[in-house]
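Structure, as structure tokens:
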Amino acid sequence: MLNFVLFGPPGAGKGTQSQKLIEKYQLIHISTGDLFRAHIKNQSSLGQQVSQLIADGQLVPDAITIAMLEEEVDKNPEAKGIIFDGFPRTVPQAQALDEFLESKGTAISGVIALDVDQDELCKRIAQRQIETGRIDDQADKLQKRIEEYFNKTVHVLPYYEAQNKLVKVNGIGKIDTIFAELSAVVDQY
Ligand code: AMP
């Protein structure tokens with residue numbers, strides 16, 4: 001299987017680029033943020049449990065997130081590969097993902113980190129807030145999400161660096177130019 005983690009702060013372009021990658025390489029896209037938003041929309045018990053945390057820009061506890069992610073992977077036993085978007089966001093999540101994939105005889109092939117500076121992120125998210133109305137894109141909530149990113153999520157990078165799996169890609173520029181760079185990385189596997 002070709003399994004990639006698409007990594008980056010809120011607004012880095014993970015969702016946009018994931019869509020293009022799954023089309024080109026026939027992979028499955030699993031976004032934990034999208035899964036949570038679907039649960040909230042459907043008012044499932046999981047949705048009710050996490051909606052306030054997400055509205056506030058905080059991370060959902062690892063145990064809940066990992067269980068949901070594993071269930072989603074198990075729904076796709078025939079997948080040629082998976083793009084993980086927005087997961088893992090903590091080192092325990094990364095460890096759980098490694099163990100889980102290993103139990104299935106597979107592994108993360110590579111981790112692609114989209115590099116975007118903070119000014120550009122703020123501009124993009126302000127625009128997304130206007131377009132989608134996501135409440136966690138509002139300025140005060142966004143601040144919390146950026147804090148969570150720098151407190152907890154950045155530590156995932158050295159975890160994968162130690163495994164020689166980390167590749168950084170410039171996330172600023174035209175969508176298709178960034179996509180060409182991502183494709184060049186994926187083509188190496
Ligand atoms: P996203 O769409 O990836 O920006 O995720 C939206 C929100 O969902 C995040 O701000 C978190 O509250 C929650 N979330 C998504 N993925 C995770 C994760 N891997 N761990 C914890 N919380 C998550």
Side-chain angles (χ1 to χ4, degrees), residues 3-22 28-75 82-101 108 111-116 118 120-160 166 171 182:
N3 300 311
F4 288 92
V5 173
L6 202 50
F7 193 89
K14 302 186 293 293
T16 306
Q17 295 295 342
S18 292
Q19 282 311 323
K20 295 176 77 71
L21 286 170
I22 59 166
I28 302 282
H29 175 217
I30 299 184
S31 154
T32 41
D34 285 351
L35 292 172
F36 283 132
R37 280 185 287 279
H39 275 284
I40 293 169
K41 194 167 169 214
N42 298 332
Q43 299 185 329
S44 72
S45 67
L46 175 60
Q48 288 169 13
Q49 218 179 331
V50 302
S51 67
Q52 195 58 52
L53 286 171
I54 291 180
D56 290 343
Q58 295 182 54
L59 290 188
V60 173
D62 285 338
I64 297 176
T65 308
I66 291 165
M68 180 183 72
L69 185 279
E70 292 184 353
E71 196 185 313
E72 195 63 23
V73 173
D74 281 337
K75 282 184 194 159
I82 300 173
I83 302 280
F84 295 95
D85 162 4
F87 185 96
R89 263 176 155 98
T90 65
V91 172
Q93 289 180 14
Q95 288 164 334
L97 181 61
D98 276 351
E99 281 168 28
F100 180 65
L101 293 178
I108 290 295
V111 176
I112 309 177
L114 286 170
D115 222 1
V116 180
Q118 207 144 326
E120 173 72 15
L121 292 174
C122 289
K123 270 189 240 157
R124 288 184 189 179
I125 292 183
Q127 185 59 31
R128 185 167 75 185
Q129 218 283 315
I130 294 167
E131 286 165 9
T132 70
R134 259 179 72 168
I135 45 172
D136 61 343
D137 280 343
Q138 285 168 5
D140 52 334
K141 310 294 160 51
L142 174 62
Q143 194 50 43
K144 182 71 200 163
R145 287 166 67 212
I146 290 176
E147 253 174 63
E148 291 281 68
Y149 179 79
F150 285 105
N151 286 334
K152 298 174 185 162
T153 305
V154 279
H155 305 299
V156 172
L157 289 174
Y159 175 86
Y160 285 118
L166 183 65
L182 289 178

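Just so you know, these numbers use all the heavy atoms, side chains as well, and skip hydrogens, waters and symmetry mates. Remember, it's 1-based here, ligands and their atoms both numbered in the order they're listed.
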Legend entry - Interatomic distance, Ile108 atom CD1 to Leu166 atom CG [nearest 0.5 angstrom]: 12.5 Å
Pairs of donor and acceptor atoms involving the side chains of residues 68-75, under 3.5 Å and at least two apart or interchain, shall be tabulated with distances.
| residue | atom | partner | partner atom | Å |
| --- | --- | --- | --- | --- |
| Glu72 | OE1 | Lys75 | NZ | 3.2 |
| Asp74 | OD1 | Lys104 | NZ | 2.8 |

Inset, instruction - Can you tell me which residue pairs pass the salt bridge (Lys or Arg N to Asp or Glu O under 4.0 Å) test with a partner in residues 35-49, sequence neighbours excluded? - result: Asp34-Arg37
Legend entry - Donor on one side chain, acceptor on other, Tyr159 and Asp98, under 3.5 Å: yes
Expected list for residues 47-57: side-chain donor-acceptor pairs under 3.5 angstrom, two or more places apart:
| residue | atom | partner | partner atom | Å |
| --- | --- | --- | --- | --- |
| Gln48 | NE2 | Gln43 | O | 3.3 |
| Gln52 | NE2 | Asp56 | OD1 | 3.3 |

Inset, instruction - Report the C-alpha distance between Lys152 and Val91 in whole Å, list the side-chain angles of each, state the deciding distance to 0.1 Å, and finish with yes or no for side-chain contact (heavy atoms from CB on, under 4.5 Å). - result: CA-CA 8 Å; Lys152 298 174 185 162; Val91 172; over 6 Å; no
Legend entry - Neighbour list for ligand 1 [protein residues, heavy atom under 4.0 Å]: Thr32, Gly33, Phe36, Arg37, Ile54, Gln58, Leu59, Val60, Thr65, Gly86, Phe87, Arg89, Gln93, Arg134, Asp136, Arg145
